[in-house]
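Order of appearance sets the numbers: ligands from 1, and atoms from 1 within every ligand.
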Amino acid sequence: MATTEHPESSKLDHALELVGVKYQYQKSSELALSINKLDVAPQEQVVITGRSGCGKSTLLHLIAGLMDPTEGSISVAGSPMSSMSGSKRDQFRGRHIGMVFQTFHLLNGFTVLENVLAALMFSDFPRSEHRSRAKQLIERLGINTPSARIQDLSVGQQQRVAVARAIACSPKIVLADEPTAALDPEFTNVAMDLLQDACRSIGASLVCVTHDLSIVERFDRHVSMQVPQTQEHA
Ligand code: ADP
Ligand code: MG
């Protein structure tokens with residue numbers, strides 16, 4: 001993987017630090033991912049591109065602590081995820097990491113408001129403030145139907161809810177996996193503005209993985225990800 005150090009990264013604490021990370025799925029004989037180094041500074045917006053199968057989604061799952069690397073270390077906001085137990089890790093993820101998925105993974109059958117409230121359950125904000133905060137966020141992201149059920153929304157509206165949910169807890173870092181893949185091309189710019197402005201508004205870093213090269217120039221930094229060599233050749 002080609003990596004470029006953020007010019008100020010030595011002066012700043014990192015939102016993300018990843019060193020010597022390899023990952024191999026249990027039943028696979030090949031590495032799904034191999035990255036020597038990747039640092040992301042606070043508030044920095046990084047886009048990672050690479051062809052299908054190079055490990056982009058695997059990388060985000062590892063950063064989110066949903067899986068442990070086979071080798072190497074990953075720290076988010078100075079905390080090594082691998083040292084945390086399951087429940088501590090879930091809590092840490094809920095508070096400090098926001099996620100936007102290609103197909104959004106919202107809670108169908110629940111309303112917009114309920115989806116954002118669910119994310120706030122992990123936050124440090126007092127419970128008494130959750131409802132007002134969720135409503136404010138929903139309004140700020142241009143959704144005027146907080147009581148609508150997810151399945152009744154357009155794809156564009158669902159994207160807005162996904163962004164609202166991702167930033168609800170004021171995370172240190174937002175991870176986005178192909179956030180524009182489900183959208184018609186004419187909505188790409190609006191959706192990316194929404195996501196990037198939302199991250200700026202809460203001072204979060206953004207790591208976006210995509211195969212959509214049209215969005216690359218919107219970012220502070222572009223990293224190209226290569227298909228890892230198989231273990232036998234590594
Ligand atoms: P990308 O998101 O860049 O398309 P992925 O991270 O999904 O790539 O996949 C990286 C590699 O890992 C691919 O070779 C893929 O086939 C493999 N892979 C992904 N998920 C699994 C899984 N659950 N089990 C085994 N192999 C997997
Ligand atoms: Mg993927």
Side-chain angles (χ1 to χ4, degrees), residues 1-4 15-40 44-76 81-82 86 89-90 93 97-106 155-156 158-159 161-163 165-166 171 173-185 187-188 191-192 194-196 199 205-234:
M1 177 183 219
T3 51
T4 358
L16 171 69
E17 271 184 289
L18 196 145
V19 183
V21 169
K22 294 187 179 183
Y23 188 78
Q24 186 170 359
Y25 286 96
Q26 260 179 5
K27 289 184 184 147
S28 171
S29 59
E30 300 195 337
L31 279 180
L33 172 102
S34 176
I35 296 178
N36 287 335
K37 192 159 172 59
L38 176 68
D39 293 341
V40 177
E44 190 183 18
Q45 300 198 343
V46 176
V47 63
I48 301 176
T49 60
R51 68 173 218 224
S52 182
C54 74
K56 301 184 294 299
S57 296
T58 301
L59 171 64
L60 294 193
H61 282 83
L62 291 168
I63 296 171
L66 295 165
M67 316 188 296
D68 281 319
T70 309
E71 275 180 40
S73 68
I74 300 173
S75 293
V76 173
M81 301 289 278
S82 53
R89 199 190 284 210
D90 290 343
R93 182 187 312 115
I97 303 176
M99 289 187 271
V100 178
F101 301 95
Q102 181 174 345
T103 49
F104 312 137
H105 294 198
L106 297 166
V155 174
Q158 289 188 24
Q159 221 256 357
V161 182
V163 173
R165 186 186 56 178
I173 190 163
V174 172
L175 309 175
D177 193 349
E178 310 265 6
T180 58
L183 305 175
D184 289 335
F187 295 125
T188 296
M192 287 310 299
L194 188 79
L195 176 62
Q196 293 186 286
C199 290
S205 305
L206 173 62
V207 175
C208 177
V209 303
T210 186
H211 67 270
D212 181 358
L213 294 175
S214 78
I215 64 171
V216 161
E217 60 191 32
R218 311 175 125 266
F219 285 81
D220 300 325
R221 189 153 55 106
H222 175 204
V223 175
S224 303
M225 206 163 154
Q226 311 300 330
V227 176
Q229 293 179 295
T230 58
Q231 269 210 323
E232 303 91 82
H233 305 130

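- Neither the backbone nor the side chain of Ser28 has a heavy atom within less than 4.0 Å of ligand 1.
- A distance of 8.5 Å separates CG of Asp90 from CG of Leu66, quoted to the nearest 0.5 Å.
- From Leu31, atom CG reaches atom CD of Gln24 across 5.5 Å, with rounding to the nearest 0.5 Å.
- Among protein heavy atoms, the minimum distance from atom 19 (C) of ligand 1 is reached at Tyr25 CE1, 3.4 Å.
- The nearest pair of heavy atoms linking Leu206 to Phe219 is CD2-CE2, 3.7 Å.
- With hydrogens and angles left out, the side-chain atoms of Thr49 and His222 include a donor and acceptor closer than 3.5 Å.
- Nearest non-hydrogen protein atom to atom 5 (P) of ligand 1 is Thr58 OG1, 3.7 Å.
- The backbone N or O of Leu106 sits nowhere less than 3.5 Å from a side-chain atom of Gln158 that would complete a donor-acceptor pair.
- Using a 4.0 Å threshold on non-hydrogen atoms, atom 15 (C) of ligand 1 does not count as touching the protein.
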inquiry  = Would Val227 and Arg51 count as a side-chain contact (heavy atoms from CB on, under 4.5 Å) here? Give the steps.
reply    = CA-CA 8 Å; Val227 176; Arg51 68 173 218 224; 3.7 Å; yes
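- Taking backbone and side chain together, Ser52 holds no N, O or S atom under 2.8 Å from the Mg ion (ligand 2).
- Assignment of Cys54 to the shell around ligand 1 is supported, since a heavy atom sits closer than 4.0 Å.
- Here the CG atom belonging to Leu59 is positioned 4.5 Å from the CD1 atom belonging to Ile35, to the nearest 0.5 angstrom.
- Distance from atom 12 (O) of ligand 1 to its nearest protein heavy atom, with residue and atom name: Ala32 CB, 3.3 Å.
- His105 and Phe101 have parallel rings, their planes meeting at less than 30° on a 0 to 90° scale where 60° marks the start of perpendicular.
- In terms of protein heavy-atom proximity, atom 7 (O) of ligand 1 is closest to Ser57 CB, 3.9 Å.
- The nearest protein atom to atom 8 (O) of ligand 1, hydrogens excluded, is given as Gly55 N, 3.2 Å; this is a heavy-atom distance.
- Applying the 4.0 Å criterion to heavy atoms of Ser52 picks out, from ligand 1, the atoms 4 (O).
- At least one N or O atom of Gly53 sits closer than 3.5 Å to an N or O atom of ligand 1.
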